[in-house]
Protein chains: 2
Amino acid sequence: MQNNRASIADLAKALNLSPSTVSRALNDNSVISAATRLRVQQLAQELNYHPNHLAAGLRTGRSNLLGVLVPHIEGTFFASVVHGIETVATKAGFKVMICQSNEDVEHEKRNIDTLINAQVEGILVSLSRTTHDTRHFEKVHQRGIPLVFFDRMLETLGVNAVVLDDYQGAYQVTTHLIEQGCRRIAHFAGPQHLNIYHNRRLGYLAALRTYGLAEAEELVITSDMTLADGVAGMEQLLALPAPQRPDGLFSASDFSLVGALQTLKEHGLRVPQDMLLAGFSNEIFTSFTEPRLTSVDQRCELLGQETVRLFLEIREAGATNFQARRVVLPPHLLIRESSTRPPA
Amino acid sequence: MQNNRASIADLAKALNLSPSTVSRALNDNSVISAATRLRVQQLAQELNYHPNHLAAGLRTGRSNLLGVLVPHIEGTFFASVVHGIETVATKAGFKVMICQSNEDVEHEKRNIDTLINAQVEGILVSLSRTTHDTRHFEKVHQRGIPLVFFDRMLETLGVNAVVLDDYQGAYQVTTHLIEQGCRRIAHFAGPQHLNIYHNRRLGYLAALRTYGLAEAEELVITSDMTLADGVAGMEQLLALPAPQRPDGLFSASDFSLVGALQTLKEHGLRVPQDMLLAGFSNEIFTSFTEPRLTSVDQRCELLGQETVRLFLEIREAGATNFQARRVVLPPHLLIRESSTRPPA
DNA sequence: CTGAAAGCGCTAACAA
DNA sequence: TTGTTAGCGCTTTCAG
C-alpha cells in the first residue's frame with residue numbers, strides 16, 4: 001500500500017493499532033511506550049507519511065498560519081521586513097501567508113477576508129497608501145484574532161503596533177544638518193495621513209524650532225516621494241529667488257533624494273559644497289551614489305522580528321484581554337558625505 | 001447568536017434550511033432558488049460569516065495553497081519574482097505560502113516537508129546556493145504535487161522550469177562591449193555549479209570566440225559576487241602589467257560591478273573613457289551611479305508570472321502525465337553610459 | 001499504556 | 001429545488 005499518501009488510518013491498520021495510538025506516537029506523546037513509538041515512526045518514514053495539517057488544524061482549531069499584509073513586496077523595505085517576520089515566525093512554528101494590497105484599500109479589504117478564511121492565527125499589517133480608515137479591521141478584532149500593525153498605521157488609539165521612531169529620526173537628521181551649518185533647510189514630505197511621513201515632518205519642524213530657525217512654507221514640498229517627485233521638487237526649490245534658496249535638504253525618502261541630487265548636478269551645483277542632503281530609509285543605493293547619501297536606517301529586519309514577537313505576546317495573553325501596546329524602535333542616523341560640510 | 005464565528009450549521013438552523021442548501025447558496029450553485037440564495041447570503045453577511053477553508057479543503061482535497069521556496073527574500077530579485085508570483089497566483093484563486101531556505105540545503109529540505117504537510121497544491125522553487133543534488137524533491141513528485149523550478153536549478157533533465165536565457169544575455173552584453181571597441185574583456189564570474197552563473201560565463205566566452213578574441217585566464221575572476229568581491233577583483237585586474245589590463249569588464253552581478261566602479265575611480269580612472277563596464281540584473285541602483293551602468297534586465301516579475309502559469313498548465317494536464325517543459329525568457333540588454341564609447 | 005467513539009466545518013452523492 | 005447522510009484525516013475525551 002505504499003501508494004501516494006499514507007494516512008494515520010493506514011499506519012494503524014498496518015500495525016494493528018488504533019488510530020489514536022498512532023497519532024500519539026507520531027506526536028511524541030509521553031504516554032506511549034517507547035517500543036510502539038519506534039514502530040510507528042519507522043513505518044511512517046518508510047511509507048513517506050506526511051501529516052495533513054488541514055485536518056489537524058480543523059480538529060484542534062489551530063492552523064499555525066500567520067497572515068502578513070503589506071502594500072507591496074518589491075523594493076528593499078518590505079522585503080526586508082518580511083524576511084525578519086519569516087525568520088521569527090518559522091522559529092515559533094508558524095507558516096507565513098503573504099498578501100499584497102498593491103496600495104489599494106479594496107484589495108486590502110479582500111485580503112483581510114482571505115486571511116480570515118484561511119484561519120490564520122494572527123494578522124500583521126502595514127497599511128496601503130489609500131487606506132484612510134480602518135473599519136475593515138474590526139472583524140479581525142471581533143473574531144479574537146491578534147492584529148499587529150507595523151510601520152504604516154493610522155493614529156488610532158489602542159492598537160498594537162511596531163514602528164520606527166520616525167519623529168526622532170527626522171529630528172536627529174535635521175539637527176545634524178543644522179549643526180553642519182545649514183540655516184534654511186528644505187523638506188520633501190510624503191502623504192501626511194500616513195503616520196510615518198507625518199511624524200517625519202513633525203520631527204523636522206521640532207528641530208527647526210529647537211534651534212530657533214524659522215520654518216518657511218516654500219521649503220516644504222509634499223509629494224508621493226518617487227525619484228521623479230524629487231526632480232520636480234528640486235527644480236521648484238532652485239526656481240526660488242536666491243535669498244530664499246535652501247542650503248540643506250531633508251527628504252523623507254531616499255528615492256526623492258536621488259532625484260534631487262541628480263537635478264542639482266544637472267544645474268552644475270555640487271553636493272555637499274552647495275547644498276547638504278539627507279534622506280530616510282537607508283536604501284542600499286545611498287552608498288552607491290556620489291557623494292554617498294546620509295540617511296536614517298529603519299531597522300527593517302528588526303521591525304519584522306519585533307512585530308512577530310508582539311504577536312506571540314498577545315497570543316500568549318489572550319487577544320481580548322491584552323492591553324494594546326506600541327513598540328517604538330530607535331532609528332539610526334548614518335552620516336555620509338552628502339551632509340558633511342567640507343572644510344571651508 | 002451573533003457570537004464570534006458563525007458556521008454553516010448555524011446559518012442553516014437560523015433559516016430552517018439544511019446545511020447543504022446553505023453551502024450551495026454560499027457557493028452560488030446554480031441549482032439554488034434566487035430567493036433562498038439571497039436569504040442565506042444576507043444572513044451570512046449579517047452574522048459576519050466566514051467560510052473555514054481548512055474544513056473545505058479537507059473535504060474537497062483542495063487547499064488552494066501554493067508553496068514558494070526561495071533562498072531569501074531581501075534584495076530586489078527574489079522580492080520582485082515573488083511579487084509576480086503573488087499577482088498571478090491570487091488571480092487564479094491561490095494563496096501563497098512563502099519559505100526561505102537561507103541558502104541552506106537543510107532548511108530547504110525542512111521547508112519542503114512543511115509545504116507538503118500544509119497540503120499545498122504546487123511548489124515553486126529556486127534552489128539554495130548550497131544545494132548540489134535534488135533528491136529531496138522526489139517525494140514532491142511522488143505525491144503528484146506539481147513542481148516548478150525558477151531561476152536557480154540543477155541541470156537535471158526532465159524538470160519543469162522557468163529561467164532567463166542567461167547565456168543569451170551574457171552573449172549580447174559581451175558582443176555589445178566588443179562592438180564598442182573592447183578587445184580585452186574581463187569577466188567577474190559567480191559560483192559555477194549554479195546554472196545562472198555558469199551560463200553567463202559560457203555566453204561571455206562564446207561571444208569572444210565569435211569575434212575571434214582570445215580568452216585570457218587572468219581576466220576571469222570567480223567569486224561570490226558581493227560589492228567587496230568586486231573591489232578585490234578590480235584591484236587584481238589593475239595590478240596586471242599594462243598590456244594585459246582589460247579595456248572592458250562584464251560582471252555577472254551588478255553588486256560586484258559597483259565595487260569595480262568605485263575602485264576604478266579611486267585609482268583616478270574614468271568610466272567609460274578608460275574602461276567600459278557592464279553588469280547583470282538591472283538592479284535599481286544601476287541608474288543611480290555615475291555613470292549609469294549598463295546591465296541585463298532579468299524580467300523578474302515576468303519570471304514569477306510565467307512560473308505560476310507553468311504550474312497552472314501542469315495542474316490542468318495532471319502532474320504525472322505532463323511532459324516536462326522549460327520556459328526560457330529572453331533577456332533585455334539595457335545600454336547606459338558605462339558601456340558607451342565616448343567620441344574619441 | 002491502548003482502544004472506541006465522536007466531532008472539527010464543510011461538501012457531495014443520493015434521495016425525495 | 002431541497003434534505004439526508006456520510007466522511008475528508010485528525011485529535012481527544014472517556015473507558016478499559
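Naming convention: chains lettered A, B, ... in sequence-line order (proteins, then strands); numbering from 1 in each chain.
- The CG-P distance, from B:Leu47 to C:dG9, rounds to 15 Å in whole Å.
- If you take CD1 of B:Ile8 and P of C:dC8, they are 14 Å apart, rounded to a whole angstrom.
- Comparing D:dG9, D:dT11, C:dG9 by their nearest atom to the side chain of A:Ser7 picks out D:dG9.
- Look at CG on B:Asn29: it is 11 Å from C1' on C:dT11, rounded to the nearest Å.
- Residues A:Glu106 and A:Lys109 are paired through a salt bridge, judged by an N-O separation under 4.0 Å between the basic side chain and the carboxylate.
- Of the side-chain N and O atoms in A:Thr36, one or more sit less than 4.0 angstrom from OP1 or OP2 of C:dT2.
- Following rounding to the nearest Å, B:Asp28 (CG) and D:dT1 (P) show an atom-to-atom distance of 14 Å.
- Between B:Thr21 and D:dT2 there is no side-chain polar atom (N or O) within less than 4.0 angstrom of OP1 or OP2.
- The phosphate of C:dC10 (OP1 or OP2) has a side-chain N or O of B:Tyr49 nearer than 4.0 angstrom.
- Summarising the geometry, the separation between NZ on A:Lys13 and P on C:dT2 is reported as 20 Å, rounded to the nearest angstrom.
- A donor-acceptor pair under 3.5 Å is absent between the side-chain atoms of B:Asn29 and the main chain of B:Ile32, judged by distance alone.
- Within 4.0 Å (heavy atoms only), A:Ile32 reaches sugar-phosphate atoms of the nucleic acid but no base atom.
- Rounded to whole Å, atom C1' of D:dG9 lies 19 Å from atom CZ of B:Arg62.
- Nucleotide D:dT12 holds its C1' atom 15 Å from the CG atom of A:Leu26, rounded to whole Å.
- Panel note: side chain B:Ser126, backbone B:Arg152; a donor-acceptor pair is recorded below 3.5 Å.
- Residue contacts shown for B:Ser20 include a base, since a base heavy atom lies under 4.0 Å away.
- At the heavy-atom level, A:Leu54 lies nowhere under 4.0 Å from the strands shown.
- Side-chain atoms of B:Asn195 do not come within 3.5 Å of backbone N or O of B:Leu154 as any donor-acceptor pair.
- Of the listed nucleotides (D:dC10, D:dT2, C:dT11), D:dT2 has the atom at the smallest distance from the side chain of B:Val31.
- Both B:Arg37 and B:Arg59 sit near DNA chain D, but only B:Arg37 has its closest nucleotide nearer the 5' end.
- Side-chain atoms of A:Arg24 lie closest to D:dC14 of the nucleotides D:dC10, C:dT11, D:dC14.
- Rounding to whole angstrom units, CG of residue A:Leu15 and P of C:dT2 are separated by 12 Å.
- At a cut-off of 3.5 Å, with distance as the only test, a side-chain donor of A:Asp28 or A:Gln41 sits close to an acceptor on the other residue.
- In terms of position along DNA chain D, the nucleotide closest to B:Leu58 lies nearer the 5' end than the nucleotide closest to the other residue of the pair B:Leu58 and A:Asn27.
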